[in-house]
Amino acid sequence: MLSFILRRLLIIIPMALLVVTLTWGLIRIAPGNFYSSEKKLPPAIEENIRKKYGLDKPWYQQYGIMIFNVVKLDFGNSLKYQGQSVNEIIGRHLPYSATIGILAYLLALVVGLSAGIIAALKQNSIWDYGSMALAMLGLSVPNFVFGPILVLFFALGLYWFPPARWGGFGNVVLPVITLSAIYAAYIARLTRAGMLEVMRSDYIRTARAKGLDEKTVLIKHALRGGIIPVVSFTGPALAGLLAGTVVVERVFAIPGLGNIFIQSVLNRDEPLTLGIVAFLSILIMIFNLAVDISYGFLDPRIRYE
Amino acid sequence: MAESRFGRSKILFTFIVLCSLSAGCLTSANSRYFGETTPPKDNILRYVSGGEIESLDPPVTNSQPDARIMFALYEGLVEIHPKTLEPIPGIAESWETGPDGTQYLFHLRKNAKFSNGDPITAKDFVYSFRRGFSPALASRNAYLGYYIKYSEAYNSDRSFVKDKSGNFLLKADLEPKKDGGQVTEPAAAQSTGFGADTEFNKYIKGPERLTVPSDKKERDALLAKDAKLSAAVQGKEFVPVKPEDIGVEAIDDYTFRLTLYQPAPFFLGLLSHQYFRVVPEKVIEKYGDQWTRTENIVTSGPFKLAVHRPYDVLKVVRDPNYWDAANVKLDGIEFYPLDEATTMMNLYKAGSVDALYNHTVPAAWFDEIKQFTAEYSLQPEVADEFYVINVKRPPMDNVKVRKAFALAIDRVSLAKFRKTLKPLVDMTPEGIFPKYEEVREKVYSEELKKQGSSLEEWKARIFEPEKARKLLTEAGFPVTPSGDGFACPSFPVDKVNITYNTAESNKAVAEFIQAQWKQNLGITVPLKNMEFRTYLPLLNKVDYDGFARKGWVGDYMDPYTFLSLYYSENNEGSTGWWDPKFDKMLDDANKTVDTQKRFEMLAKAELYVMQQQIIIPLGTNTTSWMKKPYVKGMYPNPGTLFPWKFVYIEPDPSKWTTDMDTIMKDDDPVVTAQLAQLTASQDAMERSKATKAE
């Protein structure tokens with residue numbers, strides 16, 4: 001088990017470097033640069049800028065410097081936001097995305113798991129069809145539609161919540177609901193499918209045959225196996241949520257990492273893009289590892305070599 | 001199954017009830033104002049300012065949204081007039097222009113202070129100007145100040161050339177001599193005695209020195225191409241141009257002198273740009289690029305920084321150390337860095353913000369919003385939209401073809417379709433430079449008469465499909481009637497495109513124009529859209545076929561900011577067109593001190609370039625922004641820029657703004673009084689000059 005974890009942790013390093021290299025190459029291929037605007041710059045000014053940021057050096061030298069900095073986990077300063085380091089920017093905006101993301105995922109878990117379990121237990125009933133229909137709706141209505149509809153009703157119609165911006169608890173409600181909808185729907189469907197499959201399996205029949213009461217069968221045996229698909233889904237989903245979601249952040253004007261990430265690409269702010277990509281890839285790999293480890297606790301049949 | 005159907009219909013029912021319920025709520029707010037309209041209690045303006053600011057270092061910032069925040073935090077020699085954007089006294093309480101138009105003398109106020117209480121003197125301006133041109137700072141705005149003597153040479157790392165006896169090589173030494181005689185040193189005698197006659201002034205008013213690149217590789221490449229230059233610099237020393245060599249001087253603590261290469265009558269208006277605003281030397285030298293952090297920053301404007309949470313809020317509060325703090329009416333301003341149009345409209349409607357920046361009302365909201373005349377402004381801007389033409393590639397190298405395409409667009413319909421655009425057929429936006437437009441009308445009618453045409457004919461260019469077809473036929477691409485419309489089979493459609501950067505509005509305009517050309521010329525020009533930063537290099541290198549979209553926002557309030565786009569061989573016009581004759585027309589105009597005469601010469605230049613039809617003007621941009629009626633002293637001026645100390649919140653509804661269309665003409669006694677007080681010193685200066693002249 002320990003060697004398994006160590007091996008997986010070590011793989012993260014070359015993987016992250018590979019991701020960073022690919023991103024760096026893609027940014028370099030993309031036309032345009034961070035200082036271009038509709039006003040064409042005199043060549044002398046352009047040269048001053050290129051000198052200041054070391055863009056006048058040959059590409060392999062620039063690549064070497066970049067990789068060296070990444071290994072030190074220091075991505076340097078943003079090109080667009082002068083005097084601000086990439087690490088500082090990520091650290092500053094991560095908490096916003098993380099707050100919204102974690103709350104949304106918790107809400108999605110509560111709603112999704114309960115809906116899924118109920119649907120599975122009362123298969124083919126109105127509960128089943130009702131919750132699955134809602135789940136279908138949640139999956140098919142994109143959040144750039146769902147968010148504004150919520151704003152229209154609850155912020156501009158009933159004046160219950162502010163329409164946007166960061167602030168108190170009231171500011172968090174609408175974005176969290178918007179963000180959680182699709183995840184709740186997904187979790188509900190995964191839970192239902194997982195539970196239905198487990199409920200038909202041999203070991204549940206055995207548990208019942210032993211004379212265990214239905215509650216114990218459900219919670220101790222069925223649920224543990226039934227939510228494995230949900231756990232697999234949680235890893236990447238949570239990593240994605242922590243890193244921010246562009247649409248919700250833009251609709252609700254939340255200063256999260258997702259919007260910054262997109263802006264950094266549009267601004268051709270290379271260090272910032274690389275920093276966020278590296279951070280994101282490491283986060284996803286760690287969460288996947290955590291998911292793999294947790295399988296062992298949920299399903300005794302799974303072993304690590 | 002019956003059960004499930006019931007389940008669904010129940011959901012649907014709830015949904016309908018909810019919809020009708022909130023629809024009721026929404027329409028009940030049926031009043032003369034849009035949404036919630038209650039003045040904020042704490043006298044703090046909440047302004048949506050656009051994208052997150054790049055930096056709080058004035059010369060480093062670039063965009064209009066950034067400029068608005070800089071205007072609150074920093075002040076320069078001059079400030080802008082809240083309605084006309086013309087220069088009014090800032091830290092300089094008055095100024096004089098030298099007799100030959102190349103020098104300015106600024107008299108600074110004695111009570112101006114930085115936010116940490118340090119006095120602001122002429123030395124601080126000298127430092128701020130020199131720093132702006134420093135190659136290490138690499139400011140993108142440096143070109144704005146290139147009119148200042150030797151600033152470009154310093155910014156682009158060039159050197160003077162000194163011979164063994166210590167004399168510097170002059171630019172005139174290498175120019176072809178007109179009368180064959182040796183160029184002597186006449187300029188020292190030229191010194192006009194404008195301001196104190198210092199050693200520095202003798203040097204800076206002296207004849208222009210020659211400069212060559214400091215970088216050896218670059219210089220050798222240049223010398224290899226130019227034998228004459230090479231011979232002239234042989235065996236001489238290269239002295240890099242230092243910051244001390246540029247044309248800025250502190251005569252004493254409160255007198256600042258600027259020296260330009262040549263007269264630039266618009267230059268005073270440029271000095272309100274954030275690039276020229278004063279920054280604190282001590283703080284910058286102490287903290288380097290970390291000086292703009294909230295804990296370190298020291299500013300010079302009416303407000304100082306209180307909180308900066310990037311992408312969330314930037315809050316400024318009134319600075320008690322500001323020299324005119326008594327006339328700063330707001331206690332503070334919160335700038336929200338938002339650029340999502342729907343989100344900011346929601347915030348505005350809910351009453352969470354008091355004003356929005358320009359071009360923010362989404363097309364879908366336009367019809368609903370335009371009825372709120374007390375809040376919505378649709379005034380012309382010092383900005384226009386046009387298609388540039390690549391004049392180097394056939395068939396667009398033919399001026400007749402270019403004219404045909406320009407004439408085949410119905411600009412009135414275009415303006416109806418794209419509601420925030422006003423029809424335009426000229427190079428400079430309409431309704432922005434009224435004095436210039438008056439002169440231009442006269443010049444055009446005279447010039448056109450000479451050419452056997454008339455002003456009426458010229459003005460008809462707003463839409464002339466008949467003439468367009470005739471011109472295209474003359475150019476060798478016959479247009480023939482076909483079915484309901486026309487056909488032009490011989491036109492090489494594969495050699496032209498309409499290229500534009502991806503945006504909903506650009507796409508709509510391109511499709512509209514495509515349809516116009518199809519209908520009026522029988523030519524379907526393909527559309528090509530591109531992401532902004534991919535599109536820019538294409539435009540700058542003039543590497544597109546046919547047409548490309550371009551917009552231009554003037555840097556200052558003078559038609560030259562639009563005409564200079566096509567000035568010099570390496571111009572930024574993106575058309576590939578260059579004509580030394582046009583350059584000369586502009587140079588001559590700028591050497592003219594008399595405004596009327598200068599405008600006449602500029603108008604001739606504009607006519608000249610428009611007759612080449614290197615661009616297809618589409619329209620003048622309009623402001624299209626909203627403010628709550630209780631926000632006053634904030635005007636829909638052509639740049640959407642505000643001298644923030646004029647802005648105030650009016651709690652009394654009877655004094656609120658009633659019509660944004662007339663607000664520029666209406667008299668607001670509060671603003672008028674403040675303006676009178678502020679401009680008194682400069683008015684006195686001009687009066688005393690006038691009496692002296694008599």
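Proteins get letters first, then strands, A, B, ... in listed order; numbering begins at 1 in each. All figures in this text were calculated on a predicted structure; none of them were measured in a lab.
Neither the backbone nor the side chain of A/Ile89 comes within contact range of chain B; no heavy atom of the residue lies under 4.5 Å from a heavy atom of that chain. Contacts of A/Arg50 with chain B are absent, with no heavy-atom separation under 4.5 Å from either backbone or side chain. With a 4.5 Å cut-off on non-hydrogen atoms, A/Leu41 touches chain B through its side chain but not through its backbone. Contact annotation for A/Pro42: only side-chain heavy atoms (C-beta onward) come within less than 4.5 Å of a heavy atom of chain B. With a threshold of 4.5 angstrom between heavy atoms, A/Glu46 does not approach chain B through any atom at all. For a residue to count as touching a neighbouring chain, one of its non-hydrogen atoms must lie under 4.5 Å from one of that chain's; by this rule A/Lys52 touches chain B with the side chain only. Using a 4.5 Å cut-off between heavy atoms, A/Tyr53 makes no contact with chain B at all.
Distance CZ/B/Arg533 to CG/A/Asn33: 7.5 Å, rounded to 0.5 Å. From B/Arg309, atom CZ reaches atom CZ of A/Arg92 across 11.5 Å, with rounding to the nearest 0.5 Å. Residue A/Gln82 holds its CD atom at 7.5 Å from CG of B/Leu137, rounded to the nearest 0.5 Å. From A/Asn48, atom CG reaches atom OG of B/Ser139 across 9.5 Å, with rounding to the nearest 0.5 Å. Of the inter-residue distances, the one linking B/Tyr311 atom OH with A/Glu249 atom CD reads 10.5 Å to the nearest 0.5 angstrom. Of the inter-residue distances, the one linking B/Asn155 atom CG with A/Ile45 atom CD1 reads 5.0 Å to the nearest 0.5 angstrom.
Put simply, of B/Leu538, B/Asp555, B/Thr342, B/Asp157, the one with the most heavy-atom pairs under 4.5 Å next to chain A is B/Asp555. Your options are B/Ala142, B/Ser352, B/Ser55, B/Pro310, and the one with the most heavy-atom pairs under 4.5 Å with chain A is B/Pro310. With respect to chain A, the highest number of heavy-atom pairs below 4.5 Å among B/Glu36, B/Lys550, B/Met530, B/Glu340 belongs to B/Glu340.
Between B/Glu531 and A/Arg268 there is a salt bridge, since a side-chain N of the basic residue sits under 4.0 Å from a carboxylate O of the acidic one. Here A/Arg165 does not pair with B/Glu334 in a salt bridge; the nearest charged N to carboxylate O distance is not below 4.0 Å.
Proximity of a side-chain donor or acceptor of B/Arg293 to a complementary backbone N or O of A/Gly83 within less than 3.5 Å is detected. Panel note: side chain B/Thr343, backbone A/Phe252; no donor-acceptor pair is recorded below 3.5 Å.
Taking the side chain as every heavy atom from C-beta outward, B/Asp289 and A/Asn77 approach each other to under 4.5 Å. Put simply, the side chain of A/Gln84 does not reach to within 4.5 Å of the side chain of B/Glu54, judged on heavy atoms. Within the 4.5 Å cutoff, the side chain of A/Arg250 has no heavy atoms near those of the B/Leu338 side chain.
At a heavy-atom separation below 4.5 angstrom, chain B is approached by A/Ala253, A/Pro255, A/Asn259, A/Ile260 within residues 253-260 of chain A.
A cation-pi contact, defined as under 6.0 Å to the ring centre and within 45° of the axis, is absent between B/Arg140 and A/Tyr35.
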